[in-house]
Amino acid sequence: MSNQYLDPKMKVFTLNSNRGLAEEIAKFIGVELGKCSVTHFSDGEIQINIEESIRGCDVFVIQSTSAPVNEHLMELLIMIDALRRASAKTVNIVMPYYGYARQDRKARAREPITAKLVANLLETAGADRVITLDLHAPQIQGFFDILIDHLMGVPILADYFKTKNLKDIVIVSPDHGGVTRARKMADRLKAPIAIIDKRRPRPNVAEVMNIVGNIEGKTAILIDDIIDTAGTITLAANALVENGAAEVYACCTHPVLSGPAIDRIQNSRIKELVITNSIVLAEEKKIGKIVELSVAPLIGEAIIRVHEEQSVSTLFD
């Protein structure tokens, strides 16, 4: 599908969060990235200039709201406003990583629901559609009154593990919330699942309680949507080995990997951590244990199908 001719009324732009991924996606589709500049006033305010006509075009803007999340979110909102005022026909936001998604409900009194707030901001700015990958909770789709296409990273991760021909595997969810994701991977790899029963006393602090399921002598594959400080995943890996697992692999769609994450992974019982490029992996975070897979073909195919008004649902599985 790469290098195919497409309607000149399709434009693909990127901002500053993940230019490498955007270039891969544009190459897959067979288009040049649109010309725009992101600069700052002396006080730090963001200024965006679109340097080509987009009148009457279907515009796709690729921007993960990864760190620095507030900067990248404001870039995106200002870009949407600029596109609207430049007479774009449709403004389609491609967010490989949807930031602020972890606050998706009121778990305690007087808490915000930031996942809904970001949805409101995107809609109010003028977005027509959001294409995103592995939301922290699938019900976040319901926070939008505009079109949303929710793609899945599991097929990409599962296909990689198929090529490794691992024996006697078990797919492990690091918490109860990830069981559906683990089940999808288990179905693809024709493997059983296990669950880590843990509680989290406060954000970014996890305590493993016990393991539900048979992991004795098996090759365990931990799967999560986000790995942030890597506390949960490394505790889970260590607990699996202590409870009889032969070896442990881990995978996730969104490698936030902040704070002590890299040191924790390096010093953990995890043999290999498989991630996608939904978030840029800084050079200093590239260690031997980490394998990076590209989501560009998946997202590129979704963009083509949306533009050509074809079904996107076959990409969800």
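Throughout, residue positions are numbered sequentially from 1 according to the sequence presented.
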Assess whether a salt bridge exists between Glu24 and Lys27, defined as any Lys/Arg side-chain N lying under 4.0 Å from an Asp/Glu carboxylate O.
no

Spell out, as yes or no, whether a donor-acceptor pair under 3.5 Å connects the side chain of Ser17 to the backbone of Gln63.
no

Under 3.5 Å: donor-acceptor pair, side chain of Asp7, backbone of Lys9:
yes

Are Val179 and Ile226 linked, directly or through other ILVMFWY residues, by side chains that come within less than 4.5 angstrom of each other?
no

Leu235-Val256 co-clustered via ILVMFWY side chain contacts under 4.5 Å
no

Spell out, as yes or no, whether a donor-acceptor pair under 3.5 Å connects the side chain of His136 to the backbone of Gln103.
no

Could you tell me whether the side chain of Asn18 and the main chain of Leu21 form a donor-acceptor pair under 3.5 Å?
yes

Hey, quick one: are Ile303 and Val31 part of the same hydrophobic cluster, counting side-chain heavy atoms closer than 4.5 Å, chains of contacts allowed?
yes

Side-chain heavy-atom pair Ile299, Ile62 within 4.5 angstrom cut-off:
no

Distance-only donor-acceptor check, side chains Tyr100 and Asn70, under 3.5 Å:
yes

Looking at Val91 and Ile93, what are the two nearest heavy atoms and their distance?
CG1-CD1, 3.8 Å

Quick one: do Met10 and Ile25 end up in the same hydrophobic cluster if we chain Ile, Leu, Val, Met, Phe, Trp and Tyr together by side-chain heavy atoms under 4.5 Å apart?
yes

Whether the side chain of Ser278 engages the backbone of Tyr97 through a donor-acceptor N/O pair (distance < 3.5 Å, no angle test) should be reported.
no

Approximate separation, where rounding is to 0.5 Å, of Glu272 CD and Glu247 CD:
10.0 Å

Does any N or O in the side chain of Tyr249 come within less than 3.5 Å of the main-chain N or O of Val274, such that one atom is a donor and the other an acceptor?
no

Answer yes or no: is there a side-chain heavy-atom contact under 4.5 Å between Ile80 and Leu76?
yes

What closest approach, in Å, do Ala296 and Ser294 show between heavy atoms, and which atom pair accounts for it?
N-OG, 3.1 Å

Other residues, nucleotides, ligands: >12 heavy atoms within 6.0 Å of Lys167 NZ:
no

Check: Leu121 main-chain N/O paired with Thr124 side-chain donor or acceptor under 3.5 Å:
no

If I take atom CE from residue Met74 and atom CE from residue Met79, how far apart are they, to the nearest 0.5 angstrom?
14.0 Å

May I ask you to decide if Ser268's main-chain N or O and Lys289's side chain share a donor-acceptor pair within less than 3.5 Å?
yes

When rounded to the nearest 0.5 angstrom, what distance separates NZ in Lys184 from CG in Leu157?
13.0 Å

With distance as the sole test, does Asn92 use its side chain to make a donor-acceptor pair with the main-chain N or O of Val59 at under 3.5 Å?
yes

Taking all non-hydrogen atoms of both residues, which atom of Val170 and which atom of Ile193 are closest, and how far apart?
CG2-C, 3.9 Å

For a 4.5 angstrom cut-off between non-hydrogen side-chain atoms, does Ile29 reach His307?
no

Residue Lys35 excluded, over 12 heavy atoms near NZ under 6.0 Å:
no

Donor on one side chain, acceptor on other, Asn16 and His72, under 3.5 Å:
no

Positive for side chain to side chain contact (heavy atoms under 4.5 Å, CB included) with Phe13, one of Ile50, Val94, Leu33:
Ile50

Same apolar cluster: Ile171 and Ile156, side chain cutoff 4.5 Å
yes

To the nearest 0.5 Å, atom OG1 of Thr90 lies from atom CZ of Phe60 at 6.0 Å

Closest approach of Arg188 to Pro155 (non-hydrogen atoms, all atoms of both residues)
NH2-CG, 3.5 Å

Salt bridge check, Arg305 against Asp149: does any charged N sit closer than 4.0 Å to a carboxylate O?
no

Do you see a donor-acceptor pair shorter than 3.5 Å between the side chains of Ser37 and Thr39?
no

Could you tell me whether Arg269 atom CZ has more than 12 heavy atoms of other residues or ligands within 6.0 Å of it?
no

Please check this pair: side chain of His150 against backbone of Leu135, looking for a donor-acceptor N/O pair closer than 3.5 Å.
yes

Any chance you could lay out the salt bridge (Lys or Arg N to Asp or Glu O under 4.0 Å) test for Arg84 and Asp128, step after step, and finish with the verdict?
CA-CA 10 Å; Arg84 272 274 161 254; Asp128 294 297; 2.4 Å; yes

Got a sec: does the CD of Glu284 have more than 12 other heavy atoms crowding it under 6.0 Å?
yes

